[in-house]
Amino acid sequence: MSNNSNTEAAWNYHEATKHSYISVRTNPHSLDFPNQPLPFKIYPALEPSRLPGEVRQTGVAALSAIASRVPAHANATPDLEAVAQLLYLSAGITRQRKYSGGEIYFRAAACTGALYEVELYLVSADLADLQAGVYHFAPAEFGLQRLRAGDYRHVLVEATGNEPAIAHAPLTIVCTCTYWRNAWKYQDRTYRHFGWDNGTLLANLLAVATARGLPAKVVCGFVDATVNRLLDVDSEREVAFSLVPIGYDSGLSAQTAPRAPADLSPLGFETVPLSRHEIDYPLMREMHAASALDSTEEVAAWRGHTPPGSTDTELTNSTPSTGPAIELRPLYDAEMPTDPIEQVILRRGSSRQFARTPISLPQLSTILDRATRGVPADFLSSSFDDSGRPQLNHLYLIVHAVDGLASGAYVFHRDRGVLECLKQGDFRKQAGYLGLEQQLPADAAVDIFFLADLPPILDHLGNRGYRAVQLEAGLLGGKLYLAAYAQRLGATGLTFYDDDVSRFFSPHAEGKSAIFLVAVGHSVKQRT
Ligand SMILES: Cc1cc2nc3c(=O)[nH]c(=O)nc-3n(C[C@H](O)[C@H](O)[C@H](O)COP(=O)(O)O)c2cc1C
């Protein structure tokens, strides 16, 4: 049960899962490869029906698709072909690579450790070529397994306290996260990864929805138990994390949404165990339980409370600029790469090595500008508009090699489109250290850190605000990836030494928490 005045659970979890120089040296964990979890959820008794492999290419430029969205009330309904494209480009298998221990099935969005703990489900009305039902997406077969027949959208309308985007959507995609699949490697820190890995997937999903002319929104407020029951997941192992209503039907509303078949009885479908045995990390389940919403009233009260300090104006007012400000100079329209979103998603793959060659200020400016034009989400202000663009995470940069920008540490002010210099210098060595002593952040052209002022976020959004802030970071990080690859640059998500990051950017970042990190630069190996 979430209680905004008691956010101890989020603080405990956050503190307990910080990485530090000492924590990584005192953690005896090693990877038990014979017990590695399966990369897919398998229902042996359910034959998947194949999704169409041939889909219409939208041709919409990735840099437009990530930066804009279809108006919330534009009537649009996806058909099966659109569903196939949305699923493929957010969670489909896009590459395979053999290694000594087996095969890695790389998916469309970046994911910590390539462990892919996010599963997708559909809750759908009758669509062209798809009967109303609740479905599980099976990426290995590129198919759908029907779990329930009939229109169950009303369950989601109730579970979200009549969230209008859900009430009007012909289709909602439900994202769940499976603890063990990621905790096998990352232990308790996996709950943070739920937000990151679900977020990168959502960056792709929202961009593709936009390219297809479909309104879409991220919904984090729902009665957890109801959604888990609808999917019949074992909530000790797998939990609903976010909902994405897709499309808009003006003829529908909370009142007119078809009544669900009343019966939400367990389905009892067998699933193949992920491993021979699983190790429990109770801290994550405690965090999840403490951030659960238990009733529609609680959901309605939770929604739409954008915390103070989450708009740039407020951030700027609370921390006035003192350092020199450098204006962003995004590429002119005529220079802007127009590579379509489909192509860019398939081209993306985390950089494994950066060349120490500079990117240009217009390239960096375009990445920052296009990736931060706002996220349609229920945890942000309901008066969301393009000028307000509320955002929970603040972007701090370590610049190593950007032509036209002195090397140093910067904070990004979205409202004014400027980078404020906090300190100048060559910080490659420090950046490598901050990114968990890896080479990638030391070699990148720029490291983009996400920091959040957790006290007001948790005060307003309770423990569930912790889910929201991680999810938003993953989503913005996913957009940074796409904005980089649209310009034929490389990028990779990275993990970090929490408190050292805050210290590095202080005094400006005093009191803020490190949430996420993406490095950008020229990959040594360019993906075509
Ligand atoms: C949130 C996040 C954190 C990551 N952290 C690291 C990291 O610390 N080191 C690293 O080499 N790769 C990291 N990666 C990259 C993943 O290993 C990569 O996404 C995964 O292997 C899938 O490959 P792909 O991105 O090329 O599709 C991270 C990715 C994400 C999304």
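In what follows, every heavy atom counts, from backbone to side chain, and hydrogens, waters and symmetry copies are set aside. Each residue takes its place number in the sequence, starting with 1. Counting starts at 1 for both ligands and their atoms, following the listed order.
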Within ligand 1, which atoms have a heavy atom of Leu440 less than 4.0 Å away?
11 (O)
Kindly compute the distance separating CD1 (Ile66) from CZ (Arg373), expressed to the nearest 0.5 Å.
9.0 Å
Any N or O of Thr495 closer than 3.5 Å to N or O of ligand 1:
yes
Check ion pair Asp280-Arg237 (N to O, under 4.0 angstrom):
no
At what distance is the nearest protein heavy atom to atom 27 (O) of ligand 1, and which residue and atom is it?
Arg348 NH2, 2.8 Å
Please state whether the rings of Phe142 and Phe137 are parallel, tilted or perpendicular, taking 30° and 60° as the class boundaries.
perpendicular
Looking at Tyr481, I'd like to know if the NZ or CZ of Arg348 sits under 6.0 Å from its six-membered ring centre while staying within 45 degrees of the ring's axis.
yes
Atom OG1 in Thr176, atom CD in Glu117: separation rounded to 0.5 Å?
9.5 Å
Counting from 1, what ligand 1 atoms have a heavy atom of Gly349 closer than 4.0 Å?
26 (O)
Quick one: nearest non-hydrogen protein atom to atom 22 (C) of ligand 1, plus distance?
Tyr116 OH, 3.5 Å
Short N or O distance, Cys111 and ligand 1, threshold 3.5 Å exclusive:
yes
Could you see which bit of Leu436 sits under 4.0 Å from ligand 1, with heavy atoms only: side chain, backbone, both or neither?
neither
What atoms of ligand 1 come closer than 4.0 angstrom to any heavy atom of Phe516?
1 (C)
Could you tell me whether Gly493 and ligand 1 have an N or O pair separated by under 3.5 Å?
yes
d(Leu201 CG, Cys111 SG) to nearest 0.5 Å is 9.0 Å
When the ring planes of Tyr179 and Tyr191 are compared, do they come out parallel, tilted or perpendicular, using 30° and 60° as the limits?
parallel
Going by the order shown, which atoms of ligand 1 are within less than 4.0 Å of some heavy atom of Leu494?
3 (C), 4 (C), 5 (N), 6 (C), 7 (C), 8 (O), 9 (N)
Under 4.0 Å from any heavy atom of Trp196, which atoms of ligand 1 are there?
1 (C)
Distance from Leu480 atom CG to Thr372 atom OG1, nearest 0.5 Å?
8.5 Å
Residue-level breakdown please: for Gln438 versus ligand 1, do any non-hydrogen atoms fall below 4.0 Å on the side chain, on the backbone, on both, or on neither?
side chain
I want to check a possible cation-pi pair here: Lys423 against Phe504, using under 6.0 Å from ring centre and within 45° of the ring axis as the test.
yes
Among non-hydrogen protein atoms, atom 21 (O) of ligand 1 lies closest to Ala114 CB, 3.6 Å
Regarding Glu437 and Arg25, does a basic nitrogen lie under 4.0 Å from an acidic carboxylate oxygen?
yes
Any N/O pair Arg352/ligand 1 closer than 3.5 Å:
yes
A student checking ligand 1 against Phe106 at a 4.0 Å heavy-atom cut-off should list atoms 22 (C), 23 (O), 27 (O)
Any N/O of Thr112 closer than 3.5 Å to an N/O of ligand 1?
no
Tell me which one of Ala519, Gly195, Gly113, Ser350 gets a heavy atom nearest to atom 17 (O) of ligand 1.
Gly113
Looking at Phe222, I'd like to know if the NZ or CZ of Arg464 sits under 6.0 Å from its six-membered ring centre while staying within 45 degrees of the ring's axis.
yes
For ligand 1, which atoms sit closer than 4.0 Å to a heavy atom of Ala110?
19 (O), 25 (O), 31 (C)
